[in-house]
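First the structure, in the form of structure tokens, and then the observations on it.
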Amino acid sequence: MEDRPEGVEDYEGTRVVRSSYVCSPSITSLVPYTRKLRRRLLEEHARSPIDIIHWHDLRAGFAVKYLPVQCPTIFTNHSSAFL
């Protein structure tokens with residue numbers, strides 16, 4: 001699958017919101033990254049209820065884990081960062 005730009009699109013009748021946040025690997029950047037991502041997720045959920053959250057970055061799990069949104073979550077790991 002090719003990289004797609006950020007934004008909102010309709011994919012076969014499903015609203016898809018794509019976001020990308022650059023975060024350095026240092027632990028000091030984890031908190032601002034998590035806050036920014038959580039804020040974006042909550043803004044999107046206020047606009048239209050989230051049915052599923054799918055992320056590709058291990059650090060995003062911190063933003064998703066305690067999110068007050070009841071929906072399935074999917075994590076796809078594309079790196080060996082967890083090793």
Side-chain angles (χ1 to χ4, degrees):
M1 183 154 112
E2 75 278 357
D3 287 337
R4 296 186 182 164
E6 288 190 30
V8 179
E9 69 178 86
D10 179 64
Y11 181 77
E12 297 181 5
T14 301
R15 182 174 168 261
V16 177
V17 179
R18 298 183 191 282
S19 296
S20 177
Y21 296 109
V22 177
C23 178
S24 70
S26 75
I27 193 68
T28 58
S29 65
L30 183 60
V31 172
Y33 170 84
T34 300
R35 285 182 179 161
K36 184 176 180 179
L37 182 55
R38 283 179 59 86
R39 186 171 36 252
R40 175 69 192 267
L41 287 167
L42 291 171
E43 286 169 359
E44 289 300 329
H45 186 64
R47 247 182 238 116
S48 178
I50 295 174
D51 293 321
I52 191 165
I53 300 172
H54 181 199
W55 73 95
H56 297 261
D57 182 275
L58 192 59
R59 294 165 294 186
F62 291 105
V64 174
K65 185 170 183 174
Y66 299 107
L67 197 65
V69 174
Q70 299 297 316
C71 69
T73 60
I74 299 170
F75 169 59
T76 302
N77 189 15
H78 294 282
S79 72
S80 60
F82 68 96
L83 296 176

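Computed from a prediction, not measured in an experiment: that's the story for all the values here.
With sequence neighbours excluded, no residue satisfies ring pair (Phe, Tyr, Trp, His ring centres under 6.0 Å) with F62. Shown here are the side-chain contact (heavy atoms from CB on, under 4.5 Å) partners of V16, two or more places apart in sequence or in another chain: E9, Y11, T14, R18.
Donor-acceptor pairing under 3.5 Å is recorded for the side chains of T76 and H54.
Hydrophobic clustering (side-chain heavy atoms under 4.5 Å, transitive across Ile, Leu, Val, Met, Phe, Trp, Tyr) keeps V17 apart from I53. In the hydrophobic cluster analysis, where Ile, Leu, Val, Met, Phe, Trp and Tyr join through side-chain heavy atoms closer than 4.5 angstrom, I50 is grouped together with F75.
Between the R15 side chain and the D10 main chain, no donor and acceptor come within less than 3.5 Å of each other.
Hydrophobic cluster membership for Y66: none, as no Ile, Leu, Val, Met, Phe, Trp or Tyr side chain comes under 4.5 Å of it.
With a 6.0 Å radius and a threshold of 12 heavy atoms from other residues, nucleotides or ligands, E43 has its CD atom above the threshold.
You'll find the side chain of R38 reaches within 4.5 Å of the side chain of P68, heavy atoms only. Annotation: side chain of I52 is not in contact with side chain of C71 (no heavy-atom distance under 4.5 Å). Put simply, the side chain of L41 does not reach to within 4.5 Å of the side chain of H45, judged on heavy atoms.
To the nearest 0.5 Å, the span separating CG on D51 from CD on Q70 amounts to 13.0 Å.
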